[in-house]
Amino acid sequence: MTDRQEGFRGWAADRKGAVSRLRFTSLRLRLVVVFGLVALTAAVSASGIAYWLNREAVLTRTQDAVLRDFQQEMQNRAGALPVHPTQDELQRTAGQMANSSQRFSVLLVGDGADGKVVYGNSGGLSGFALDEVPASLRRAVDKQQKITDANKSAYHLYWQRVVDHGTPYLVAGTRLSGGGPTGYMMKSLEPEAKDLNSLAWSLGIATALALIGSALLAQAAATTVLKPVHRLGVAARRLGEGRLDTRLRVSGTDELADLSRTFNDAAEALEKRVDDMAARDEASRRFVADMSHELRTPLTAITAVTEILEEELEAESGSIDPMIEPAVRLVVSETRRLNDLVENLMEVTRFDAGTARLVLDDVDIADQITACIDARAWLDAVDLDAERGIHARLDPRRLDVILANLIGNALKHGGSPVRVSVRMDQQEGGELVIAVRDHGPGIPEDVLPHVFDRFYKASASRPRSEGSGLGLSIATENARIHGGSITAANSPEGGAVFTLRLPRDASALTEETKDAGDAGDAGGTGDAGEKGA
């Protein structure tokens, strides 16, 4: 992989990590949101309680001072008025009462000598009027209470808070016992309201600052907690990609440090186990390869002898004793089978080692199939359905191995006639499709998943059958290095169907795919393995 590709992958990983940190399902965002909600709830609750307590304290203090001053003025000044005062007397007394330390507006209502109601207020004609007093307050003020031991006065002082054109006011009223005018007072609470608004703004700013501080604190906490988790996730992905030497830097003694140590121990154990397995696998492949090579030398000599024996068996002179003829024929067939097995094992080791390579050529598919069938004397048992002129760039030797295995398997375990059809699948980009169908009983459902496994034989009662159980496996590997595949299924009309799919041009494969083979002998002699009866 080039440096540019590595850089792109790193940029993509960083971008993916940044996006994941912003997801609504990310732990980082959830921590920030939880911290923010907790801080917001605490700040709003504290601010609300503080505002309510301060509001009550401010209003109660102002209210008590005003009511106390108003009641004192009513007793001292309004109490000095005659029972039937004149309007001038009421006006003058209201003005005097309004000049008290609390500076409130005063309205005095009395009965004149002629029986008419007279009014006097501290603001003249445009001053405090009776209709500005709530009716409920006036009724409460005029109501005479019963004198008891607990109640020494027939009239009491009543108050009420009202809002007029957005400005809050304190309105109070009382009536003198024993006769005299009724007094009402109105005090603006606007200064106190401004103070409370300032307090509300201050508490709101404090709440916002607390929320911002909690978000920053959550971000810091999330970074502290999630940075090791992120590193762990990156290390786990690298480990999954096969970089078994990945390790985490361990710092501290907390739970995250213990997690990092556990990951490092697991990665080290996994690396050791994979190395051991790779070493054993390499030793196993080398053993098979060495054994196959070592067997070829004695097999060459044995094969030469068996060929002579076979010629003697076919000769008309009858030079071989009829008593030992069955044994000679058994030796000849088993020697041929052993030779095929060794060739197949060598081919398997090439695939496992990744040394098999494609030798590509332009191939006429119909001619190639005809040549394969003719070379093995299968012309009478195979029906070919292929148009002339279908060409593909493939390895002809490996294609012959695939066809020999599939057709031979169909003839051996299926039923004649075997039909081979060739078509082009335009939906798959011009893919070459070769189907081999027999007319046998088909493949049992429990066998289908294993027909391409190495050394698999469907019937345990035939351990010494002519097949080695490697043919279909080798055919699959030859198809794979072409960039194709082989599938097995049962036809609805009966019999088994093996479908080979290959690209029209194997040279379009990547260099890694093409380097998966060997220019040597493709191996295989038409051994089809065991499919099952």
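Positions are given from 1, in the same order as the sequence printed here.
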Flag yes if more than 12 heavy atoms outside [X] fall under 6.0 Å of its [atom1] atom; otherwise flag no.
X	atom1	result
Glu56	CD	yes
Arg388	CZ	yes
Asp362	CG	yes

Using modelled atom types and a 3.5 Å cut-off, is there a donor and acceptor pairing between side-chain atoms of [X] and backbone atoms of [Y]?
X	Y	value
Asp438	Ala496	yes
Arg437	Gly494	yes
Ser214	Leu211	yes
His439	Gly495	no
Asn54	Ala50	yes

Could you state the interatomic distance from [atom1] ([X]) to [atom2] ([Y]), rounded to the nearest 0.5 Å?
X	Y	atom1	atom2	answer
Asp385	Arg423	CG	CZ	11.0 Å
Leu270	Asp265	CG	CG	12.5 Å
Asn264	Leu248	CG	CG	5.0 Å
Leu360	Arg398	CG	CZ	10.5 Å
Tyr51	Leu196	OH	CG	5.0 Å
His391	Gln368	NE2	CD	12.0 Å

Inset, instruction - Not counting sequence neighbours, list each pair that qualifies as a side-chain hydrogen bond (donor to acceptor under 3.5 Å, both in side chains) and has a residue in residues 270-280. - result: Arg247-Glu271, Lys272-Asp276

Inset, instruction - Report the C-alpha separation of Ile486 and Leu472 in whole Å, then their side-chain angles, then the decisive distance to 0.1 Å, and conclude whether the side chain to side chain contact (heavy atoms under 4.5 Å, CB included) test is met. - result: CA-CA 9 Å; Ile486 303 177; Leu472 290 180; over 6 Å; no

Between [X] and [Y], is any pair of side-chain heavy atoms under 4.5 Å apart?
X	Y	answer
Thr207	Leu40	yes
Leu394	Ile365	yes
Leu502	Leu399	yes
Ile402	Phe498	no
Leu406	Val420	no
Val433	Leu500	no
Val363	Arg393	no
Ile434	Leu403	yes

Considering all heavy atoms of both residues, which atom of [X] and which atom of [Y] are nearest to each other, and what is their separation?
X	Y	answer
Ala43	Ala210	CB-CB, 4.1 Å
Leu384	Ala366	CD2-O, 4.1 Å
His482	Asp395	NE2-N, 3.1 Å
Leu448	Ala488	CD2-O, 3.7 Å
Ala392	Leu432	CB-CD2, 4.4 Å
Val497	Ser491	CG2-CB, 3.5 Å

Inset, instruction - Just do the side chain to side chain contact (heavy atoms under 4.5 Å, CB included) check on Trp378 and Val418 with the steps written out, would you? - result: CA-CA 10 Å; Trp378 291 340; Val418 172; over 6 Å; no

Legend entry - Residues Arg238, Glu241: salt bridge by 4.0 Å N-O rule: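 Answer for the salt bridge query: no.
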
Legend entry - Asp400/Arg376 salt bridge by N-O under 4.0 Å criterion: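 Salt bridge present between Arg376 and Asp400.
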
